[in-house]
Structures are given as C-alpha cells and as structure tokens.
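Both ligands and their constituent atoms are indexed starting at 1 by order of listing. Please read all numbers here as calculations on a predicted model, not as lab measurements.
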Amino acid sequence: MNVLAINCGSSSLKYQLIDSETESVLAKGLCERIGIDGRLTYQKAGLEKEITDAAMPTHKEAIQLVLDALVNEKTGAIKDLTEVGAVGHRVVHGGEKFASSALITDEMIAAVEECNDLAPLHNPANLIGINACKELMPGVPMVGVFDTAFHQTMPEKAYLYGLPYEYYEKYKVRRYGFHGTSHSFVSKHMAEFLGMDLSNSKIIVAHLGNGASISAVKDGKCVDTSTGLTPLEGLVMGTRSGDIDPAIMEFIAKKENLDIAGIMNVLNKKSGVQGISKLSSDFRDLEEGMNNGNELCAAAIEVFSYRVAKYIGSYVAALNGVDAIAFTAGIGENAPLVRKKVCEYLGYLGVTLDEEANGHRGEDLVISTPDSKVKVCVIPTNEELAIARDTVALVK
Ligand code: ADP
C-alpha cells in the first residue's frame, strides 16, 4: 500500500509518499509560505527536485498541488489517486487522550480539538491538514500519529511537576514530551541494529535537532523525557532556552519591559545556541565560527553538549543503568564534534568512543569501541516511515 505521510505546520507542509511494502520513498517534498504566496517543492525518487511558485491561499490548495504533482503525467510517482491507500498525519499534541496512533474519525478529531490549548500553534495547523485531506480525498482512510503518544507510559513521578496538584486536575498541566515518533522509532531500530532484546533493555535516545530532547526507554517503554508541557523544557536547543530558573522570567520582564508574550518569544525564538552565540542556531555555522576563533560559538557548543551529558547522567539514574545510547536528528546524525564532547563526560559509565567511526555521518553506526561498557550509536531517525508504518497497521 502507498501511504502519504503529511506533517502540516502553520505555514508549511512536508509530505512523503511511501510504498509500505518496500518502505521506499516514491516522492517527497514540501509546501512553504502557505497563506503568503506559496512555493511547492516536489521530488520523485531518482529525479531532480522541482521547485515551483504556486498560489496557496490555504492548506487545501497546498494539498491539491501536492496531489496534482503526485499524478503529473511526466514526473508523477503514481498514475492516479486511487494508488494512495491511506494518509498518515503527524499530530503534535494528543494530551492524555492518545497513548498510540489513532484512526481519524469525527470523534477522534473532536478529541484532538480538546488538546488544542496545550499546543495552540501546532494542533490547529495539523487539523487544518486533516480536514483539507478529508475534503480532497474522501473515503481514503487516515491516521493521526502523535508526538506525545510514545511518552504516555511515563510514570506519575516523571510527569508530575512540583506545582499545586490542582493545576494538573483542572488544566492537565504535566510533562507530556515531544518527538515521540522519533524516540520510538530510534529506540526500536537501535535494539534491532545491535541485536538487543528490546523487552529487556535500558536505552537513552538523544534526539538533537533544531528542537531537541532526550528520553529514557526501559524495556521498549518511555519512562522519562526532557520536554514537558511544551517543547520548551529540557535541552538547550537551536533557539529555545530549555531549562532555566523560572524566576529569570520575572527578572528579565522587569529589566527589558516585556510582557508574558514577549518573554515567551525570547525563550522560544531568541535563546538556545542562537542566543548564546549571537550568530546562528545552526551547528554548521557554530563550528565554523568556533574554528575561526569566535568564543561565543565555542561557548554555545559547550553549553549544548554539557546539558546533553547532564541529562544522560540523570537518565542513567532513572533507568538504574544503561545498555545503549543513540544519537539522532540533524545534530545527532551530522555533528561528530558534539557526539565527542558528550561522550567525553561519560567516561565514568565506561563509555569509550571510536574516533574513526565517530567521523562518519548519517548512517546506522556503532561509534563506541568494542570494549566500551555502553554501546553508543548513530541511528538516523525517520519520522515519516514511522508514520507510514503506524498508518498501515491501523488501516489494514
Ligand atoms: P528540526 O527537524 O527540529 O528542524 P533537524 O533534525 O532537521 O531539526 O536538525 C537541523 C539542525 O541539524 C540544523 O539546525 C543544524 O544545527 C544541524 N545540522 C544539520 N546538518 C549538519 C551538519 N552537516 N553538521 C552539523 N550540524 C548539522
């Protein structure tokens, strides 16, 4: 079956058409600047990328353009839309309602809408994509795959904050965790790759992208993760602060004359390695800056790596040990320098890095030495494939 995996943001939409039998990507691309002007990127497997400017007043036109591109006579990946067997949608927040992926029905949509105030920027955009697909592809089964679902197995001691309990009772304020599709995919895939028994394993996954999080996975189930009610908590990220003393918010608000929205904007968009370096959120720029003697770039890389190592240490405590650690996502897969710096803090665990193996990028790799007490791997994430797999499992 061919599955169209869709990841809909407020002004963008990423898509992949995946043949679920061979798990190969037939075509992929993205729509950008939806509601502004509109640009479609489309790439059929084996061909060059095509980029076209095309009006996309709403997500509906964007999805129509994607469907037209998929069946285009010359470069289409399929002949007609009956060849799309199902659609899998990424949905950011499933609250406590969804502990796994779910078939999209009217009741399911209503339940997702009830989670909207937990993710006011993301969930409404995801729902717009779902509704547009319902209109344009009536009768095609659709599945929602939640960023939060994998983390629903966390115990109460990991998800409750030290806040008045009534906020949990009244508003469901608790840790949810994000990037769950990636943490789930990578933990399973690493166990397979290493020939480990997932049902008897202690795994830590470091998903280090522009957004970043770490999770502790015991016997295949998540027991803790670093993002919280929102994706702002935890690691220092591209532009997000991660953990800070909450009192800093009041202090800076007074000094800089900012309201809550202004402070949230700083913490989400102007902080992280971008804020520290004053230069960029991208590790390629930071490494180049550091190599050219820019001390703030060097500081940003140090702060980022140290925070990752501290979280790994705390999750070794949560798991009472660790068998294997995975690095994944843009930085985890492509920045040997960060992996090296993180591993240097883990000597007490008996981690030893194979420097030569660590020099490789972007493929399944063991980067620890054969005598390392803990296996350390690079495992490229593939959220679209995970969405396609869940979709097929639910519609079959
Ligand atoms: P997201 O999905 O959260 O946008 P990604 O997982 O795509 O993020 O990661 C993007 C980040 O990965 C970039 O901002 C950059 O910091 C990092 N990155 C990508 N390629 C490289 C590279 N070759 N070397 C170092 N860092 C890289």
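- The shortest contact between atom 21 (C) of ligand 1 and any protein heavy atom is with Asn334 CB, 3.5 Å.
- Heavy-atom contacts from other residues, nucleotides or ligands closer than 6.0 Å to CD of Glu250 number 12 or fewer.
- Within the hydrophobic cluster formed by Ile, Leu, Val, Met, Phe, Trp and Tyr side chains joined at under 4.5 Å, directly or through other members, Leu163 is accompanied by Leu118, Tyr161, Tyr167, Tyr171, Val173, Tyr176, Leu229.
- No salt bridge links Asp219 with Lys221; every basic N to acidic carboxylate O contact stays at or beyond 4.0 Å.
- Ranking the protein heavy atoms by distance from atom 10 (C) of ligand 1 puts Asn210 N, 3.9 Å first.
- A salt bridge does not link Glu333 with Arg361: every distance from a Lys NZ or Arg NE/NH1/NH2 to an Asp or Glu carboxylate oxygen is 4.0 Å or more.
- Close approach of ligand 1 to Gly211 is summarised as follows: ligand atoms under 4.0 Å from at least one heavy atom of the residue are 3 (O).
- Using a 4.0 Å threshold on non-hydrogen atoms, atom 7 (O) of ligand 1 does not count as touching the protein.
- Considering both main-chain and side-chain atoms, Leu208 never comes within under 3.5 Å of ligand 1 through any nitrogen or oxygen pair.
- A salt bridge links Glu114 with Lys97; the closest basic N to acidic carboxylate O contact falls under 4.0 Å.
- In terms of protein heavy-atom proximity, atom 26 (N) of ligand 1 is closest to Phe283 CB, 3.6 Å.
- Within a 4.0 Å radius of atom 2 (O) of ligand 1, the protein contributes no heavy atom.
- Side-chain atoms of Tyr311 and Ile204, non-hydrogen and from C-beta on, never get closer than 4.5 Å to each other.
- Closest to atom 27 (C) of ligand 1, if we only count protein heavy atoms, is Gly330 O, 3.9 Å.
- Residue contacts with ligand 1: Glu333 is excluded, as none of its non-hydrogen atoms falls under 4.0 Å.
- Applying the 4.0 Å criterion to heavy atoms of Ala329 picks out, from ligand 1, the atoms 6 (O).
- At a cut-off of 3.5 Å, with distance as the only test, a side-chain donor of His179 or Ser213 sits close to an acceptor on the other residue.
- Scanning the protein for heavy atoms near atom 15 (C) of ligand 1, the closest one is Asp282 OD1, 3.4 Å.
- Side-chain heavy-atom separations under 4.5 angstrom define the hydrophobic clusters, and the remaining members of the one that includes Val92 are Phe178.
- Among all non-hydrogen protein atoms, the one lying nearest atom 17 (C) of ligand 1 is Ile331 CG1, 3.5 Å.
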